[in-house]
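This report refers to the structure that appears directly beneath it.
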Amino acid sequence: MEYNFQEIEASWRAFWAKHKTFKTEEVTDKPKYYVLDMFPYPSGAGLHVGHPLGYIASDIYARYKRLQGFNVLHPMGYDSFGLPAEQYAIQTGQHPRITTEENVARYREQLDKIGFSFDWDREVRTSSPEYYKWTQWIFKQLFDCWYNKKTDKAERISLLIAEFEENGNKAVHAEHDFEGVFSASEWGAMSAKEQQKVLMSYRLTYLADSWVNWCAELGTVLANDEVVNGLSERGGHPVEQKLMRQWSMRIKAYAERLLTGLDTIDWTDSIKDMQRNWIGKSQGASVKFDVVDSDKKIEVFTTRPDTIYGVSFMVLAPEHPYVDEITTKEYKAGVEEYKHNASLKSERDRQADVKNISGQFTGGYALHPFTGDKVQIWIGDYVLASYGTGAVMAVPCGDQRDWDFAKHFDIEIKNIFKDIDISEAAYTEKDSVIANSDFLNDLPAKKAIKRAIHEIQQRGIGEGQTNYRLRDAVFSRQRYWGEPFPISYKDEVPQLVSDENLPVTLPEVDKYLPTEDGEPPLARAEDDAWNYFEGDRMEYNTMPGWAGSSWYFLRYMDPKNEDEFVAKEKVDYWQNVDLYIGGAEHATGHLLYARFWTKFLNDLDYIPFNEPFQKMINQGMILGKSAIAFIGKEDGKLYSYDLIKKGEDSNYRQVKILIDLVNDDESIALNELRKWQPQFESIDLVKNEEGKIIVKREVDKMSKRWYNVVNPDVLCERYGADTLRMYEMFLGPLEQSKPWDTKGINGVHNFLRKLWRLMHDKDGNVALSEEAPSKDALKTLHKTIKKIGDDLERFSFNTGVSNFMICVNELTDQKCNNKAIIKDLVVLLSPYAPHISEELWVKLGNEPGTVGIAKFPVFNKEHLVEANFGYPVSFNGKMRFKLELPTNLSKDDIEKEVLANEQAQKWLEGKAPKKVIVVPGKIVNIVI
RNA sequence: GCGGAGAUGGCGGAAAUGGUAUACGCGCUUGAUUUAGGAUCAAGAUUUCGAGAGUUCGAAUCUCUCUCUCCGUACCA
């Protein structure tokens, strides 16, 4: 019998499903290992060969860990709330749940064909009420907590209330946005509604007015990346900024811990750097400037307090609250116009428009806190209202933007750096010496910073401060297909829905669109359409995509628990994810939010760790090879690419065609092409000498748009899942992006057939030798055990496949069909190619379905010991010949033997060597 | 601009700790088998590590300078 992969794979998949071979054990004495993939959004397009890349790698690793005796948690689920299903619902009226279920079923079918060892009994879907009940519950905990900077963790809001009742808020050191101080009695005198308002500015999730992109034409709010040049990406409709009441997450409270925590986890430097930049910590000082003819003080943040004597003007963001008060009559009109123009631009546009320097003098002046000089106050949109205090002290000699601004508006540029020329550009390095600055004179910048902060604090005009770029995250979406909030409103005060009434499920609505007056789709639901309703109304917003994905890795540990989001003893056993595999594109989204929620849940002692993903590998993207056909612009004929002369591309229209229409020799299957699209139906052809039309290839992202998608189902059918798994790994290092080329898959397939033949005779009968294995075979096997183990430890899956090929090639050359050898080889191979391994395992006389829990073979280096070693002999570093010598020779003996050799004499040409380097077991180098 | 990753045959890619460059696979050539195509088997060829300099007995690997590619990010005071 030949290697009949279709039959073998189908029967083993059935066996695994029937016997629940990959069911994870609950808490045991075994050491645990948690291998997780980033769960997918089940899109309508199904999987292409790029999607399973990471899943295959993690599956191999999970199976390897099982062979090592670990209790492995290796689950899969779906991030099943999302925009495409909702978009489809808007167009067709079909409930997004139905679309989602269909897509999930299709994903499952495709995933099942690849032979993953997922424990499907633990599947989670973020859109199922059983799951989002607990997303809502976590939201409630965030609502019920505040961040105490004294203990540096989240605490229950009841503790804060107790403190307010006792001492007011003056001793409270919290992450908050409440302005003002109140005493215990003032707190007591507040109405319940006022108290709630105060508490809202302390809660870890809070309601506040935020600016959003509103597109009236589409009747919906758009995310920043859905807006291009002020128009909607879809349809090109105008988008305006609208202030809406939104839920936000006070992630800023965790900025420092999110930063320092990065040092404790094993992620790539690039992702860590992205998160560091995103958090954007900067240290400096806040300084207050008095305003002439006003009791207001302008507070600025600066990282260079040492340059304070270089301040020659101030700039406020156009939205700064003091602008109107500071502006003098004379400049009112100009300031109003500037503010108006700035408000029309989105923040994104303002940031994109870096080169245009704009600003407007307000007519007002501030007083320099040290010199008492009057400095002009300007407004300018290079100052962002949302960062720092929304105001800067401009030091043109030390900051390029300030310098540009000063030049543009002809404002004085003071030089406070010793011996540095600032006539052409600002000097931004911190290696200068300060001058013209009173008490800071002659201090190097770094010392001057400390001295300046000290002085600023002494004089009570400011203090040392640390700022973060990280902003609180808006947590509401005006969408239908997301988690409802466990919130109702009474007199417009939000109330939590009590635990026993969770989950609040999505109500039925007549349309998945916002209401006429711009309320989110959920506002369409009748009161009795809600499974739970209280107060005046329920919350109309839904949660964003990252809500469910911020904690899903916890639910896999205990997916069916109806009483808790995860049982304590289970999370204590499984701990955090040991290996997380997924794309790098979630660097500052999901991966940051999941870390935030983990730290929060850890603060409340629900989970025993504060980083969710200990080690992470980001798999590279698999790119597609698009096929390009050339159509003459003048004659409209289809040309073979090899007929097109260099530099004449522009005379042709280049059209991407479906890659399935291209044969192995890069020629187009013309009959199919004519049927594919009407434009080719009767096109004239200009063929090459062989009578073919050749295409040009180009590497693009794999996407339906470029007609270059390769479907794994087709490959599973043609070559089998084991071949597909190994080929995906064989393509190259996991982390690297690489183009998909189906042609090479034959090589891997042939390897499996060669393996099969190793223990079958010509007629397909099992033929195994029970004798003691040969020395050569043992050497090959143990070399392979070592390499496969090492490769797995460093996640080098591609070299693993190569090493299997080398092993089978060698055993074939040795004509080895030794049972003991092949048995170990099959165990080694089983993580990569589980189906064929199960089949051969049974043929080797073992219990069906047990190869996955066999023992990983133990490497014995004695089998690699050789009596001789072929020394490469180099002259001046160039290898000239090899010399077989016993491995037990001493350095001196090796040197003697080599020099005595006639080949060496030939290369020496009678000269005496200057030096001879001998590295036993490695190399001999002769210097002449 | 800033940050990160990378550059090895015709192609995908191998080469802990510096020590036989191009393993493994694809493709290519020749031969065998086959009615042909495909498939299979056998034999074989090609290539000096992005450029330059340095350290070393010896550099793909270490150091410096430069070039190019990909990814992320962008007025953050």
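Keep in mind that this is a model prediction, so the values were computed, not measured.
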For [X], check side-chain hydrogen bond (donor to acceptor under 3.5 Å, both in side chains) against everything at least two apart and list the hits.
| X | value |
| --- | --- |
| Asp177(A) | Arg250(A) |
| Asp791(A) | Arg794(A), Thr799(A), Asn803(A) |
| Glu735(A) | none |

Using the ring pair (Phe, Tyr, Trp, His ring centres under 6.0 Å) criterion, which residues pair with [X]? Sequence neighbours excluded.
| X | value |
| --- | --- |
| Tyr871(A) | Phe869(A) |
| Tyr832(A) | Phe804(A) |
| Phe795(A) | Tyr61(A) |

Check: protein-nucleotides 30-33 of chain B nitrogen or oxygen pairs below 3.5 Å:
none

[Y] versus [X], side-chain donor and acceptor atoms under 3.5 Å:
| X | Y | result |
| --- | --- | --- |
| Asp741(A) | Tyr727(A) | no |
| Tyr387(A) | Ser282(A) | yes |
| Gln814(A) | Thr780(A) | yes |
| Asp404(A) | Gln400(A) | yes |

Structure string for RNA chain B in dot-bracket form, Watson-Crick and G-U at under 3.5 Å, | interchain: (((((((..(((......[....))).(((((.......))))).....(((((..]....))))))))))))....
Separation of atom [atom1] in [X] from atom [atom2] in [N], rounded to whole Å:
| X | N | atom1 | atom2 | answer |
| --- | --- | --- | --- | --- |
| Ile745(A) | C11(B) | CD1 | C1' | 17 Å |
| Met729(A) | G25(B) | CE | C1' | 15 Å |
| Arg469(A) | A77(B) | CZ | P | 9 Å |

Quick one: label [X] by what it contacts on the DNA or RNA (base, sugar-phosphate, nothing), any heavy atom closer than 4.0 Å.
| X | result |
| --- | --- |
| Lys882(A) | base |
| Asn925(A) | base |
| Arg697(A) | nothing |
| Asp790(A) | nothing |

Side-chain N,O (Arg753(A)) to OP1/OP2 (C41(B)) below 4.0 Å: no
Side-chain N or O of Ser282(A) closer than 4.0 Å to phosphate OP1/OP2 of A77(B): yes
Can you give the donor-acceptor pairs under 3.5 Å from side chains of residues 917-927 of chain A to other protein atoms, not counting sequence neighbours?
residue	atom	partner	partner atom	Å
Asn925(A)	OD1	Gly877(A)	N	3.0

Which protein N or O atoms sit under 3.5 Å from an N or O of nucleotides 13-16 of chain B?
residue	atom	partner	partner atom	Å
G13(B)	OP1	Gln736(A)	OE1	3.4
G13(B)	O3'	Asn798(A)	ND2	3.3
A14(B)	OP1	Asn798(A)	ND2	3.0
A14(B)	O5'	Asn798(A)	ND2	3.4
A15(B)	OP1	Arg794(A)	NH2	3.3

Contact list for RNA chain B against residues 387-409 of chain A - heavy-atom distance below 4.0 Å: Tyr387(A), Val392(A), Arg401(A)
Residues within residues 915-923 of chain A bordering RNA chain B, heavy-atom distance below 4.0 Å: Lys915(A), Ile917(A), Val919(A), Lys922(A), Ile923(A)
Met274(A) vs Gly280(A), nearer the 5' end of RNA chain B by closest nucleotide: Met274(A)
Out of C26(B), C76(B), G25(B), whichever nucleotide has its closest atom nearest the side chain of Lys743(A): C26(B)
Trp278(A) CH2: over 12 foreign heavy atoms closer than 6.0 Å: no
Lys615(A) atom NZ, over 12 foreign heavy atoms within 6.0 Å: yes
Spacing of CD1 belonging to Ile265(A) relative to CG belonging to Leu591(A), to within rounding of 0.5 Å: 8.5 Å
